[in-house]
Amino acid sequence: GRVTGYQLTYYDPTQGALQTSSGILSFFTSVELFRSESAATAYLEDRTAYKQGLHGTSPREGVTFRSVTPFDTPVGEAAGYGFHEDVVFGSDHVFRTVIGFRRGPIVGTAMVVRADRDDAAELTTQIAGQFDSRIQNALTGRINEEPVLIPKDGVPLDGQQPTTEKPAGVPDLGRVALGPADLPTGIVGDAGEYSRT
């Protein structure tokens, strides 16, 4: 039942947090549109079961989930999920806090990745809550843009390279995504780039 999705990631290109084993390495939000609320709920339930099953596993070579611990989250209109994940990617050890929630036919996800064990539940909940507010604004028409047509073969239409300028003639999806001004205090980021995919 999934129709489309959009993901925006902020990360430190210097990887300073990994080098010092302290601080935030990255965080992202993603939004996925489903054909119905029931399809979105089914997907959310499937993701919850999948994440619970990752505890103590190595789903692919070089990746090990040492632990996956659930926590309650107040975000969204349907019971979503919150998980603390202790993950090793090759030689990198990270701690991810992820929240998934449903709002109408939309599933939103927010994740904060740290290089230390500091609890990121509060920050992740803040980001997810702000993201949920933007989703509600989009659903009620306060943010209203037409979707961008995506090439069927997935190849960029004109080979355009990433740019900070919004392409002409397309809706500004950045109005829905959390921008640099929306970031919690103490987190700085670049303005981002547009690219065709």
Side-chain angles (χ1 to χ4, degrees), residues 1-11 24-90 92-114 117 119-140 143 145 147-154 173 176-178 182 197:
R2 184 181 184 275
V3 177
T4 190
Y6 184 88
Q7 177 177 311
L8 180 62
T9 303
Y10 291 91
Y11 66 95
I24 295 175
L25 176 63
S26 65
F27 71 91
F28 81 81
T29 53
S30 70
V31 59
E32 296 175 277
L33 174 65
F34 290 82
R35 295 191 194 284
S36 65
E37 289 186 9
S38 60
T41 297
Y43 174 79
L44 196 59
E45 291 170 352
D46 181 69
R47 294 302 299 168
T48 301
Y50 172 75
K51 287 197 166 290
Q52 289 171 330
L54 288 174
H55 180 84
T57 68
S58 183
R60 67 177 187 266
E61 186 176 344
V63 178
T64 302
F65 283 79
R66 291 184 171 179
S67 67
V68 177
T69 309
F71 66 92
D72 292 331
T73 175
V75 182
E77 66 181 337
Y81 60 77
F83 287 100
H84 297 291
E85 302 172 344
D86 180 339
V87 191
V88 176
F89 294 93
D92 296 327
H93 190 184
V94 300
F95 302 88
R96 307 187 324 180
T97 304
V98 58
I99 291 175
F101 61 93
R102 180 182 67 76
R103 178 66 62 182
I106 292 176
V107 171
T109 305
M111 178 187 291
V112 174
V113 182
R114 295 190 60 95
R117 291 182 180 274
D119 188 356
E122 183 177 340
L123 175 59
T124 309
T125 300
Q126 179 183 355
I127 292 169
Q130 191 168 2
F131 192 36
D132 184 28
S133 293
R134 292 185 69 84
I135 290 169
Q136 290 177 64
N137 284 338
L139 288 172
T140 58
I143 297 176
E145 297 286 346
V148 175
L149 294 176
I150 300 172
K152 292 186 186 304
D153 58 8
L173 292 176
V176 175
L178 294 181
D182 299 312
T197 59

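Just the heavy atoms: all of them, side chains too, but no hydrogens, waters or symmetry mates, feed the values below.
The side chain to side chain donor-acceptor pair (under 3.5 Å) search around Thr9 returns Gln7, not counting sequence neighbours. For Asp92, there are no salt bridge (Lys or Arg N to Asp or Glu O under 4.0 Å) partners, not counting sequence neighbours. Residues passing the salt bridge (Lys or Arg N to Asp or Glu O under 4.0 Å) test with Arg47: none are found, sequence neighbours excluded.
Looking only at side-chain heavy atoms (C-beta outward), Phe83 and Thr48 come within less than 4.5 Å of each other. Counting only heavy atoms from C-beta outward, the side chains of Phe131 and Val31 approach each other to under 4.5 Å. Contact check for His84 versus Phe95: no side-chain heavy atoms found under the 4.5 Å cut-off. Between Lys51 and Phe65 the shortest side-chain heavy-atom distance does not fall below 4.5 Å. Inter-residue side-chain proximity for Glu85 and Ser67 is flagged as unmet; no heavy-atom pair is nearer than 4.5 Å. Side-chain contact between Tyr81 and Val98: present, with at least one pair of heavy atoms (C-beta onward) separated by less than 4.5 Å.
Across every non-hydrogen atom of Thr64 and Ser58, the tightest pair is OG1-OG, 3.8 Å. Taking each heavy atom of Thr124 and Ala120 in turn, the nearest pair found is OG1-O, 2.7 Å. Closest of all the heavy-atom pairs between Phe89 and Val94 is CE1-CG2, 3.6 Å. Nearest heavy atom pair, residue Ile99 against residue Ala128, reads CG2-CB, 4.1 Å. Nearest heavy-atom pair across Pro59 and Leu54 is CG-CD2, 4.1 Å. The shortest heavy-atom contact between Thr29 and Ala110 is CG2-CB, 4.2 Å.
Residue pairs meeting the salt bridge (Lys or Arg N to Asp or Glu O under 4.0 Å) criterion with at least one partner in residues 64-73, sequence neighbours excluded, are absent. Within the structure, salt bridge (Lys or Arg N to Asp or Glu O under 4.0 Å) contacts touching residues 24-42 (residues at least two apart or in different chains) are Arg2-Glu32, Glu37-Arg102. Judged as a ring-ring contact (aromatic ring centres under 6.0 Å, His included), the pairs with a partner in residues 34-53 (not counting sequence neighbours) are, in order, Phe34-Tyr43.
A distance of 11.5 Å separates CG in Asp132 from OG1 in Thr125, rounded to the nearest 0.5 Å. Once rounded to the nearest 0.5 Å, the distance linking CE of Met111 with CD1 of Ile127 reads 11.5 Å.
Shown here is Phe71, whose CZ atom has more than 12 heavy atoms of other residues, nucleotides or ligands within 6.0 Å.
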Checklist entry - Can Arg117 and Asp86 be said to form a side-chain contact (heavy atoms from CB on, under 4.5 Å), step by step? => result CA-CA 9 Å; Arg117 291 182 180 274; Asp86 180 339; 3.4 Å; yes

